[in-house]
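Down below is the structure, laid out as structure tokens.
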Amino acid sequence: MTEGTFESRPLDALNNSRNKRVLVELKNNKQFVGKLKAFDIHVNVVLEEAEERADGETKRKLGVVFLRGDMIVMISTE
Amino acid sequence: MTEGTFESRPLDALNNSRNKRVLVELKNNKQFVGKLKAFDIHVNVVLEEAEERADGETKRKLGVVFLRGDMIVMISTE
Amino acid sequence: MTEGTFESRPLDALNNSRNKRVLVELKNNKQFVGKLKAFDIHVNVVLEEAEERADGETKRKLGVVFLRGDMIVMISTE
Amino acid sequence: MTEGTFESRPLDALNNSRNKRVLVELKNNKQFVGKLKAFDIHVNVVLEEAEERADGETKRKLGVVFLRGDMIVMISTE
Amino acid sequence: MTEGTFESRPLDALNNSRNKRVLVELKNNKQFVGKLKAFDIHVNVVLEEAEERADGETKRKLGVVFLRGDMIVMISTE
Amino acid sequence: MTEGTFESRPLDALNNSRNKRVLVELKNNKQFVGKLKAFDIHVNVVLEEAEERADGETKRKLGVVFLRGDMIVMISTE
Amino acid sequence: MTEGTFESRPLDALNNSRNKRVLVELKNNKQFVGKLKAFDIHVNVVLEEAEERADGETKRKLGVVFLRGDMIVMISTE
């Protein structure tokens, strides 16, 4: 999601972040950081080398995680 | 979203705000400000040069963010 | 939405309020007042000359706002 | 919705209440009373001569109101 | 919904309760009892001779009520 | 739902539990136990000889119950 | 879900975890661990040899469980 280069649809923008590290915030306020490997139109997301964070610190390391789209609030490049 | 010029459908109105700075308020009461780069029919939104705000002050700078539509309450021009 | 003149479908009734000032109440108890410029079948709504109100007093002036339909509880003519 | 005369589908039953005064209860516990003018398959509803009630007393008079279906718990004839 | 006679689909089972008294429990913990007159695939329900109950006692008598399906947790024969 | 014999789709697995006693846990933390008679793609479920349980003890006996799918968290063989 | 080998769609990634032990976290904060036997596009999931966990300790053993997709927050390989 480097600025200025992506298309007009939000999922195209997400596609620019594929294989890059992203921060994902959930409705339950949990934060996950990891390499964005996959997503779909429901915004289901798969992260590699993922970790859960709280207050900027790693809470647990998780490897590969599947996050259900309807729990996601925000995705940003780290 | 300058007044008086947009069409009768809400997404057409949003389109008038493309590339302009908007304020997005979420169901969890978080506020994001940034340049509206992309949106879709689910009201998924991508902001550039985004920042999270609380009480009118910048809480953190985020670059490019994807916000999931079902979390959005309101979008207004800043 | 003057009484007695609208059709049997709720969105036809909303259409009678187009370009008139309406009161919109949200699930988070926020109230917005403004001129109804656009709506769609999801009840996404765009208001012009909008303001947020609390206890009958203007809390902030917002210009043009997009309100996501799934947050809306009630719309009435002011 | 006079008993015994309506069809086997819930919306047919609602149709029997058209132009009659109904009580609508919402998920946020608010109650609205008014003449049922319109509804659709989402159970979006328009009431005329509507008022909000609490504890059996009129809280405010609202004229014509549009109530979003997904907020509705119950509709009964008054 | 007499045991042993209904089909393999849940709505077929509901159909066996048509015109019988049922107990309906809602997500807001309210209970309604009445004769099941109508339902649809969304589990919208119409009860005749309905009453709201709390702790096994009648709280109010309501005549005919429409209950929106997405609020329903459980329906059982009384 | 005996292990090892069911297909790759979750509803096929549920089908293996048909006519067996299952435990159903709901989003409101209620537990129902009964013989699984019917279910559909929304995970609406009908139980026969059902009872509500709390802390492993029977709270009330209910006969045949219809449970709306969107309230269900988990179904397991007892 | 071994890293680096799965496809670009989240459900393909889930497929890589079939027959492996996974950790499933729900919206109500419950955790289930078990062998992933089945899932579908709603992210409904069936686990074999499942157990519920809290604070890293087994709370109860459940055999085969069906978990409804809309309750799921995260799935990761254990």
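Within every chain, numbering begins at 1; the chains are lettered A, B, ... in the order of the sequence lines, protein sequences first and strands thereafter.
- Contact detail for E:Pro10 and F:Ala38: the closest heavy-atom pair is N-CB, 3.6 Å.
- Note that CZ of F:Arg60 is 7.0 Å distant from OG of E:Ser76, once rounded to the nearest 0.5 Å.
- Residue F:Lys35: no heavy atom, backbone or side chain, is found under 4.5 Å from chain E.
- The parts of F:Asn44 that come within reach of chain E are both its backbone and its side chain, each placing non-hydrogen atoms under 4.5 angstrom from that chain.
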Point to revise | From CA spacing to verdict: salt bridge (Lys or Arg N to Asp or Glu O under 4.0 Å), F:Lys37, E:Asp12 | key: CA-CA 11 Å; F:Lys37 295 306 289 184; E:Asp12 290 329; over 6 Å; no
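- For a residue to count as touching a neighbouring chain, one of its non-hydrogen atoms must lie under 4.5 Å from one of that chain's; by this rule F:Leu26 touches chain E with the side chain only.
- Put simply, the side chain of F:Arg68 never gets that close to the backbone of E:Ile75: no donor and acceptor are under 3.5 Å apart.
- For the pair F:Asp70 and E:Lys27, the minimum side-chain heavy-atom distance is below 4.5 Å.
- If you take CG on F:Leu67 and CE on E:Met74, they are separated by 7.5 Å, rounding to the nearest 0.5 Å.
- Contact annotation: the side chain of E:Val22 never approaches that of F:Phe66 to less than 4.5 Å [non-hydrogen atoms, C-beta and beyond].
- When side chains are defined from C-beta on, F:Asp40 does not count as touching E:Arg9, because their heavy atoms never get closer than 4.5 Å.
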